Amino acid sequence: MHIQVDDPEVAGLIKAEESRIENTLNLIAAENHCPESIMEALGSVFNTKTIEGYPGRRFHAGCVHADEVERLANERAMQLFNAEYVNVQPHSGTSANLAAYFSVLETGDKILSMGLPFGGHLSHGHSASMTSRCFDFSHYSVDGKTERIDYEEIRMLAEKVKPRMIIAGASSYPRLIDYGRIAEIARDVSAYLLADMAHIAGLVAAKIIPSPVPYCDFITFTCYKTMMGGRGGVILAKKKYEKRLNSAIFPGCQGTSPVNVIAAKAVIFKLAGEERFIKIQKNILKNAKELAAKIESRGYRLITDGTDNHQVLVDLSGRGVDGDTAEKALESAGIIMNRNVIPSDAGSKNMLVSGIRIGSSAVTARGMGRSEMARIADLIDTVLSNLNNEDALFGVRKDVERLCDEYPVYGEEDT
Ligand SMILES: *Cc1c(COP(=O)(O)O)cnc(C)c1O
């Protein structure tokens, strides 16, 4: 590899990262292992090309193949998600959201979205996000008992606040969303409806959970979570927003968009229609349910008592350990996941994080199934029950390595 000559230091880090990925269990709900064809597209010469504007209407010469690859990505995305419009240029989910907001709203306009402690995303108007300085956000929560979305609360807030846009969609919410019900509320208060399906796009693409597309004006997502297609964002929408969305992305929020990333998006939108992808997505759902059941059976309380998607949210508050401590102990044993705020942390003064979020996507992508989920649940429980027991943690680390050896991420060539 040339990088070994040009920069042995970075080359060494890439090797080390490859080894970390192969030898640890990736339970980060916001990650996935993408096919190698995605890596090839990302590392391709399309990286060279500067594009501004849209296919057939560019501001630099030499776009013949870039035009074709962007058109391919567009056609495939529209077909896959049954959408009237698509934009594959957003750098990220956050840029996609920002452009969607600015396409139809003015600064200061009101938006109603899910609050962060209940599962919402930073870019949905959290105070630390620039979005909160551009628009006037109000937030809905979840039902105190069921921890599920309370549609009556959304209706009540929508009627009181009169937002110009409502956002459906979350980063940490293990249940399905009834887009039809939120669409009804949006219609009644004349608000635009945006669904942010960043986490669940792969499950939607495989048509195994309900799609927000028929109900929404705008749908945004990222390609690197369940979608397993490399990084970057996408906007889907009703055709009538085409002009406004196009100019909101370029030149509104972004300059050039990386054509190598657009090429990777085109590849995943093809693969997502194929049996192999659909099977992985089905297994992601099954594995999340199995993880949830096994973790619960070991005495842990799950947010909403279970899952309908790829995420399991565990409330550790009854176990005398906080999310941060749990995350670090698990990492030391080779089990990688993230601490996560849970509904009961809302309003906490000391910024307490009482949960962990477990995702089934990446372990499923490397081929693990039902019996491995039971093993993983056992390993997690062993770590959380033996936080200061070096021997126990070391034992788990060894078991994790054995499990990883059985299921290599990029081990086999399947050409
Ligand atoms: C991950 C996520 C995003 C952000 O995507 P970036 O590409 O990191 O900007 C946006 N919205 C939701 C709901 C997410 O979960």
Side-chain angles (χ1 to χ4, degrees), residues 29-30 93 97 100-101 110-126 129 131 137-189 191-201 203-204 208-221 225-226 285 288-289 292 296 301-315 340-347 354-355 357-359:
N97 283 340
Y101 303 159
K110 291 174 181 164
I111 305 180
L112 178 61
S113 66
M114 188 184 237
L116 192 88
F118 308 103
H121 188 255
L122 288 162
S123 65
H124 300 174
H126 186 263
S129 160
T131 54
F137 278 88
S138 306
H139 297 293
Y140 54 90
S141 60
V142 290
D143 181 89
K145 270 213 187 70
T146 63
E147 296 170 310
R148 296 184 187 224
I149 291 175
D150 175 354
Y151 297 91
E152 283 313 306
E153 188 208 8
I154 300 182
R155 174 172 293 282
M156 190 267 291
L157 286 170
E159 284 169 0
K160 189 171 108 192
V161 171
K162 299 254 183 294
R164 293 211 58 210
M165 181 182 278
I166 298 178
I167 302 178
S171 291
S172 310
Y173 185 69
R175 295 297 179 173
L176 302 178
I177 295 175
D178 187 341
Y179 302 106
R181 266 186 95 174
I182 304 182
E184 236 170 69
I185 299 168
R187 201 180 47 229
D188 290 348
V189 300
Y192 297 105
L193 179 57
L194 181 151
D196 182 343
M197 61 170 187
H199 262 269
I200 54 173
L203 302 168
V204 172
I208 54 174
I209 66 168
S211 168
V213 174
Y215 302 101
C216 299
D217 299 289
F218 309 98
I219 300 96
T220 56
F221 67 97
K225 294 174 180 168
T226 47
L285 278 191
K289 282 206 190 329
E296 198 165 34
R301 195 187 83 76
L302 307 184
I303 304 302
T304 76
D305 285 333
T307 179
D308 295 321
N309 59 24
H310 63 300
Q311 304 183 351
V312 180
L313 268 170
V314 186
D315 175 3
N340 215 98
V341 288
I342 55 174
S344 59
D345 292 331
S354 307
R357 187 180 62 173
I358 305 177

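What you are looking at is a predicted structure, and each value in this text was computed from that prediction instead of being measured.
Put simply, OG on S211 and CD1 on I219 are 7.0 Å apart, with the number rounded to the nearest 0.5 Å. With values rounded to the nearest 0.5 angstrom, F118 atom CZ is found 9.5 Å from S344 atom OG. Here the CG-CG distance, from D315 to D305, works out to 11.0 Å after rounding to the nearest 0.5 Å. Atom NZ of K289 is separated from atom CG of N309 by 8.5 Å, given to the nearest 0.5 angstrom.
Between A170 and G119, the shortest heavy-atom contact is CB-O, 3.3 Å. S171 and Q311 make their closest contact through O-NE2, 2.7 Å (heavy atoms, listed as atom of the first residue, atom of the second, distance). A pairwise comparison of heavy atoms in I166 and A158 identifies CD1-CB, 4.2 Å as the closest pair. Taking both residues in full, the closest heavy atoms of D345 and S354 are given as OD1-OG, 2.6 Å, listed atom of the first, atom of the second, then distance. The two atoms that bring A292 and L302 nearest to each other are O-CD1, 3.4 Å, heavy atoms only. Contact between K225 and A29 at its shortest, heavy atoms only, is CB-O, 4.5 Å.
The side-chain heavy atoms of L122 and L116, taken from C-beta on, include a pair separated by under 4.5 Å. Annotation: side chain of P163 is not in contact with side chain of I111 (no heavy-atom distance under 4.5 Å). Put simply, the side chain of S138 does not reach to within 4.5 Å of the side chain of K160, judged on heavy atoms. Looking at heavy atoms from C-beta onward, V204 lies out of side-chain contact with F221 at the 4.5 angstrom threshold. Looking at F137 and I167, their side chains come closer than 4.5 Å, going by heavy atoms from C-beta outward.
Judged as a side chain to side chain donor-acceptor pair (under 3.5 Å), the pairs with a partner in residues 110-125 (not counting sequence neighbours) are, in order, N97-S123, S113-H139, H121-S123, H124-D196. Residue pairs meeting the salt bridge (charged side-chain N to carboxylate O under 4.0 Å, His left out) criterion with at least one partner in residues 138-147, sequence neighbours excluded, are E147-R301.
A donor-acceptor pair under 3.5 Å links the side-chain atoms of E153 to the main chain of S141, judged by distance alone.
For Y179, the side-chain contact (heavy atoms from CB on, under 4.5 Å) test picks out A168, I177, A195, I200, P212, Y215, with sequence neighbours left out. Considering only residues two or more places apart in sequence or on other chains, S129 meets the side-chain hydrogen bond (donor to acceptor under 3.5 Å, both in side chains) condition with T131. Remark: L176 engages I209, P210, D308 in a side-chain contact (heavy atoms from CB on, under 4.5 Å) (not counting sequence neighbours). Listed by chain and number, the residues in a side-chain contact (heavy atoms from CB on, under 4.5 Å) with I154 are L112, Y140, I149, Y151, I182, I185 (sequence neighbours excluded). For the side-chain contact (heavy atoms from CB on, under 4.5 Å) test, residues two or more places apart in sequence or in another chain that qualify with A288 are T307, S360. With sequence neighbours excluded, no residue forms a salt bridge (Lys or Arg N to Asp or Glu O under 4.0 Å) with D178. With sequence neighbours excluded, the residues forming a side-chain hydrogen bond (donor to acceptor under 3.5 Å, both in side chains) with E159 are R155, listed by chain and number. With sequence neighbours excluded, no residue satisfies salt bridge (Lys or Arg N to Asp or Glu O under 4.0 Å) with E184.
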Q.
I'd like to know whether R181 forms a side chain to side chain contact (heavy atoms under 4.5 Å, CB included) with E152, so could you lay out the CA-CA distance, the side-chain angles of the two residues, the decisive distance to 0.1 Å, and finally the verdict.
A. CA-CA 10 Å; R181 266 186 95 174; E152 283 313 306; 3.5 Å; yes
